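For reference, the structure is listed below as structure tokens.
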Number of protein chains: 2
Amino acid sequence: MAPTSEALTAERILAATEEVLRRHGPAKATVVDVARALGVSHGSVYRHFRTKAALRDAVTKRWLDRTFESLSGIVTAEDLDPEARLRAWFAGLFAAKRRKAGDEPELFATFSVLATENGGAVGSHIADLTGQLTRIVQAGVDAGTFTVSDPATTARALFHATGRFHDPRYAREWEQPGVEGELEAVVDLLLRGLRSRD
Amino acid sequence: MAPTSEALTAERILAATEEVLRRHGPAKATVVDVARALGVSHGSVYRHFRTKAALRDAVTKRWLDRTFESLSGIVTAEDLDPEARLRAWFAGLFAAKRRKAGDEPELFATFSVLATENGGAVGSHIADLTGQLTRIVQAGVDAGTFTVSDPATTARALFHATGRFHDPRYAREWEQPGVEGELEAVVDLLLRGLRSRD
DNA sequence: GGAATGACAGATTTTGAAATCTGTCAGCTG
DNA sequence: CAGCTGACAGATTTCAAAATCTGTCATTCC
């Protein structure tokens, strides 16, 4: 890599790390590699990130933010009723996860590793997603189409019940033929449970 | 181990294999170990099981049958309405899985390995469980308390939606404090979805 | 003086040779 | 003869030495 003479910023380190991860995968991507790609000593990288774990976490956060940006738009989509929002949201989440698992396997693997380690970036990602779910459920309650006692608890239940379609541990199953239908069957059942009965 | 002079039956091999697995875990349990425990040559073991994989599969089948025997009783419990049966069934499934994961970690690990490999024993185990679910759902439809178009599809949706509470990939999470409540929240939501609306 | 370096200790990973394992089968044994 | 053995080829695993990596910090450089 050309040792660019620009200042060494956190952002440049993150970009280089992502590149190294993409090329080598999470198991074989070292801080030394990142430094080499930037044309600096590895000590310099440690000036910006206290540990290798912190660096991985930051890269994953950046990647997650980029990848699931569009989802939050659905939460406030005025042209959709809460039920349609929920359907679109789950469909969008699943589509994005599956696409990334296929298109960027190495970065997805990094995310998976962090997920099993309860990394900070993954923790906030999940908190972010359940927060979005809570807001949709709340909107449904406000509109009178949903009846639930505690939107936040319900949101977590929805998230848990759909784990098979967003938890990276199931990534392999996402390629099998009938999955789309499986997601729909689960979401149908859950939406029936949310609906008001009077 | 005392080289018992009884005939070498499949059953004796299975018992010895289970013992070896319990002692060494799935990674370090070899066919040679099993043969040594029985006081025979490993060639004799291959007379009864074509491959090591077949042996592992048979041991796991035996273990699964023993472990989840009691569940099937709930399916036909006349004293419970279908909704109560479903609750009891899920609670029982979760309790059994969690107990086994804690009490017999090595055998549970063997089961987990087979699960990720889509082993035959695990496949029938899952088919068996969804079959039981289907029968409970069907009973609910017959009784008029549930309304669903296709009990088998619904049963699979129920099974997928509760994966977090029976899929061995989540075993680690089963020890955390709030899990019981999480299962209840999901089951509540699903049952609301099953109930008839008129 | 603030940023970068590179040498260093201890931890982790790689590597390749030796040991063990899987699955087969010709022959032994009772 | 039915059931068991043990030697064998090729695959896999183990193990210990060598290489590399992580994280620190005194020193160098601009």
Side-chain angles (χ1 to χ4, degrees), chain A residues 1-60 106 109-110 113-114 116-117 119-121, chain B residues 1-60 106 109-110 113-114 116-117 119-121:
Chain A
M1 284 291 119
T4 321
S5 52
E6 276 174 57
L8 184 62
T9 62
E11 174 57 27
R12 277 190 63 219
I13 294 176
L14 288 177
T17 306
E18 189 171 314
E19 182 57 24
V20 169
L21 276 171
R22 210 183 289 277
R23 213 180 288 289
H24 298 95
K28 222 228 106 176
T30 73
V31 175
V32 171
D33 284 334
V34 172
R36 199 172 8 245
L38 286 162
V40 300
S41 79
H42 75 279
S44 302
V45 173
Y46 278 99
R47 173 164 301 282
H48 292 84
F49 297 93
R50 228 170 353 340
T51 65
K52 181 186 183 179
L55 177 56
R56 263 199 323 195
D57 208 60
V59 173
T60 303
E106 288 84 6
T110 306
V113 171
L114 244 66
T116 67
E117 287 170 359
Chain B
M1 283 294 119
T4 319
S5 51
E6 277 174 56
L8 184 61
T9 62
E11 175 56 27
R12 276 190 64 219
I13 294 177
L14 288 178
T17 306
E18 189 171 314
E19 182 55 25
V20 169
L21 277 171
R22 211 183 287 279
R23 213 180 288 289
H24 298 94
K28 223 230 106 177
T30 73
V31 175
V32 172
D33 284 333
V34 172
R36 198 174 6 247
L38 287 161
V40 301
S41 79
H42 73 279
S44 302
V45 173
Y46 278 99
R47 172 165 304 282
H48 292 85
F49 296 94
R50 247 204 301 355
T51 65
K52 181 186 182 177
L55 177 56
R56 262 197 323 194
D57 209 60
V59 173
T60 303
E106 288 84 6
T110 306
V113 170
L114 245 67
T116 68
E117 287 171 359

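This one's a predicted model, so the numbers in the text were calculated from it and none came from an experiment. Hydrogens, waters and symmetry mates are skipped; everything else that's a heavy atom, side chains included, is used. Reminder, nothing fancy here: chain letters follow the sequence lines and each chain counts from 1.
Minimum interatomic distance between B:Leu21 and B:Pro26 (heavy atoms only, all atoms of both residues): CD2-CA, 3.7 Å. Pairing each heavy atom of A:Val34 with each of A:Val20, the nearest pair is CA-CG2, 4.2 Å. Contact between A:Lys28 and A:Asp33 at its shortest, heavy atoms only, is O-OD2, 3.6 Å. Taking both residues in full, the closest heavy atoms of B:Glu106 and B:Gly25 are given as CG-CA, 3.6 Å, listed atom of the first, atom of the second, then distance.
Between B:Asp33 atom CG and D:dT12 atom P the separation is 19 Å, expressed in whole Å. The separation between B:Arg50 atom CZ and C:dC25 atom C1' is 16 Å, rounded to whole Å. Between the CG atom of B:Leu38 and the P atom of D:dC4 there is a distance of 11 Å, rounded to whole Å. C:dT22 atom P lies 10 Å from atom CZ of B:Arg36, rounded to whole Å. What separates NE2 of B:His48 from P of D:dG3 is a distance of 8 Å, to the nearest Å. B:Leu8 places its CG atom 9 Å from the C1' atom of D:dG3, with the value rounded to the nearest Å.
Proximity note for A:Arg47 (side chain, C-beta onward) versus C:dA3, C:dT22, D:dG6: the nearest is C:dA3. In this structure, the nucleotide among D:dC4, C:dG23, D:dG23 sitting nearest to the side chain of B:Tyr46 is C:dG23. Distances were taken from every side-chain heavy atom of B:Lys52 (C-beta onward) to each of D:dG23, C:dG23, D:dC4; the shortest belongs to C:dG23. The listed nucleotides are C:dG6, D:dG23, D:dC4; the one nearest the side chain of A:Ser41 is C:dG6.
A donor-acceptor contact under 3.5 Å is not formed by the side chain of A:His42 with the base of C:dG6.
Of the possible donor and acceptor atoms, none in the side chain of A:His42 sits under 3.5 Å from a partner among the backbone N and O of A:Thr30.
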Side-chain donor-acceptor contacts of residues 50-60 of chain A below 3.5 Å, not counting sequence neighbours, with atom names and distances?
unit_1  : atom_1 : unit_2   : atom_2 : d
A:Thr51 : OG1    : A:Ala53  : N      : 3.4
A:Thr51 : OG1    : A:Ala54  : N      : 3.0
A:Arg56 : NH2    : A:Glu117 : OE1    : 3.3
A:Asp57 : OD1    : A:Gly120 : N      : 3.3
A:Asp57 : OD1    : A:Ala121 : N      : 3.1
A:Asp57 : OD2    : A:Ala121 : N      : 3.1
A:Thr60 : OG1    : A:Arg56  : O      : 2.9

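Of the inter-residue distances, the one linking B:Thr9 atom OG1 with B:Leu38 atom CG reads 9.0 Å to the nearest 0.5 angstrom.
Of the residues in residues 24-32 of chain A, those lying under 4.0 Å from DNA chain D by heavy-atom distance are A:Thr30, A:Val31, A:Val32.
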